[in-house]
Amino acid sequence: MPGPRLNRTEREQVAAGLAARRDYAEIARRLGRPTSTVSREVTRNGGPAAYNADRAEAAAHARARRPRGGPAATARAVSADRTQERRVSARSVFLDEFTESVVATGVPRTAARVLVWIHTADDGLTAADLSTELGVSRAAVSNAVAYLDRLRLIRREREPARRRERYVVGDDVWAASWNESVEANARWVLITARGVEALGPDTPAGIRLARAARFFTAVQETMSAGPWPLATGEAGALLRALARAGMPVTAEQLRGALTPEQRATLRRRA
């Protein structure tokens with residue numbers, strides 16, 4: 001028999017056990033509960049990745065307040081609970097798949113989880129929110145946020161009333177990410193071309209770098225057809241000019257690729 005439902009303290013222990021990557025059997029032994037009780041508790045409340053003790057406690061109280069009114073009312077309440085469980089389960093599966101997709105691009109797992117959680121939150125998340133949701137330390141959250149901030153994948157918004165930061169994903173995040181890739185590719189074009197000059201175009205290393213330079217130049221030409229309408233301001237102007245050049249350029253050549261209006265804008269910004 002599963003016994004009485006878990007209390008808040010036990011749910012907090014379940015959350016701590018999941019954060020420590022313990023399996024259901026180990027968590028159940030520490031609680032003195034059947035493994036099936038822990039398994040149902042976690043599955044009912046979003047799965048290992050999304051389990052939160054406070055939300056699980058609130059859901060348990062909601063189930064306990066099922067309406068009276070006979071079998072029909074009970075059946076409706078049970079159906080509503082199952083629908084909610086399916087939604088929570090679907091969200092958990094999606095979050096896991098989204099995280100794995102981000103990890104596959106080379107982003108560290110904790111940073112990937114932080115990005116996914118921020119990206120799927122309605123109004124952003126604070127460091128305390130992320131630490132609780134993900135079951136990781138504040139230090140781990142801080143490192144992940146700093147990493148994502150450097151990649152321009154998130155931005156910080158201060159809450160004046162509470163003197164804390166909330167992390168959000170801007171509407172232009174993917175355009176910013178694209179622009180970051182364009183800038184990185186432009187740097188590869190320049191450095192490989194310099195390598196050919198430094199090592200000699202007829203040396204094996206020089207030939208290898210020339211091949212790399214041609215590759216990155218081709219990538220640059222392809223990326224020039226990217227989401228340029230989303231790249232705005234002086235950064236967008238510079239990126240478009242680099243893309244049109246299609247090859248390493250000097251600062252003077254870059255200025256020549258800009259329109260008079262763009263050059264004037266850049267002078268005002270300087």
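These numbers come from the heavy atoms of this one structure, side chains and all, not from hydrogens, waters or symmetry mates.
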Exam field: side chain [X] to backbone [Y], donor-acceptor pair closer than 3.5 Å:
X    : Y    : value
N185 : V219 : no
E10  : N7   : yes
T35  : Y24  : no
D129 : T126 : yes
T37  : R33  : no
R187 : V182 : no
R138 : S131 : no
R166 : G124 : yes

Just verifying a value: how many Å separate [X] [atom1] and [Y] [atom2], rounded to the nearest 0.5 Å?
X    : Y    : atom1 : atom2 : result
R40  : N45  : CZ    : CG    : 12.5 Å
R44  : S39  : CZ    : OG    : 10.0 Å
T110 : L115 : OG1   : CG    : 12.5 Å
I118 : D123 : CD1   : CG    : 13.0 Å
L31  : Q13  : CG    : CD    : 5.0 Å
E12  : D54  : CD    : CG    : 7.0 Å

Taking atom types as modelled, is there a side-chain donor on D96 or T99 under 3.5 Å from an acceptor on the other? no
Please tell me whether Y167 and E157 have a donor and an acceptor in their side chains that are separated by less than 3.5 angstrom. no
Evaluation steps, side-chain contact (heavy atoms from CB on, under 4.5 Å), between L209 and L199: CA-CA 9 Å; L209 285 169; L199 301 177; 3.6 Å; yes
Parallel, tilted or perpendicular: which one describes the rings of F98 and H119, with boundaries at 30° and 60°? perpendicular
So R109 and E100, side-chain contact (heavy atoms from CB on, under 4.5 Å) or not? Walk me through it. CA-CA 8 Å; R109 183 167 295 277; E100 292 304 320; 2.6 Å; yes
Can E41 and Y51 be said to form a side-chain contact (heavy atoms from CB on, under 4.5 Å), step by step? CA-CA 9 Å; E41 167 71 14; Y51 184 84; 2.7 Å; yes
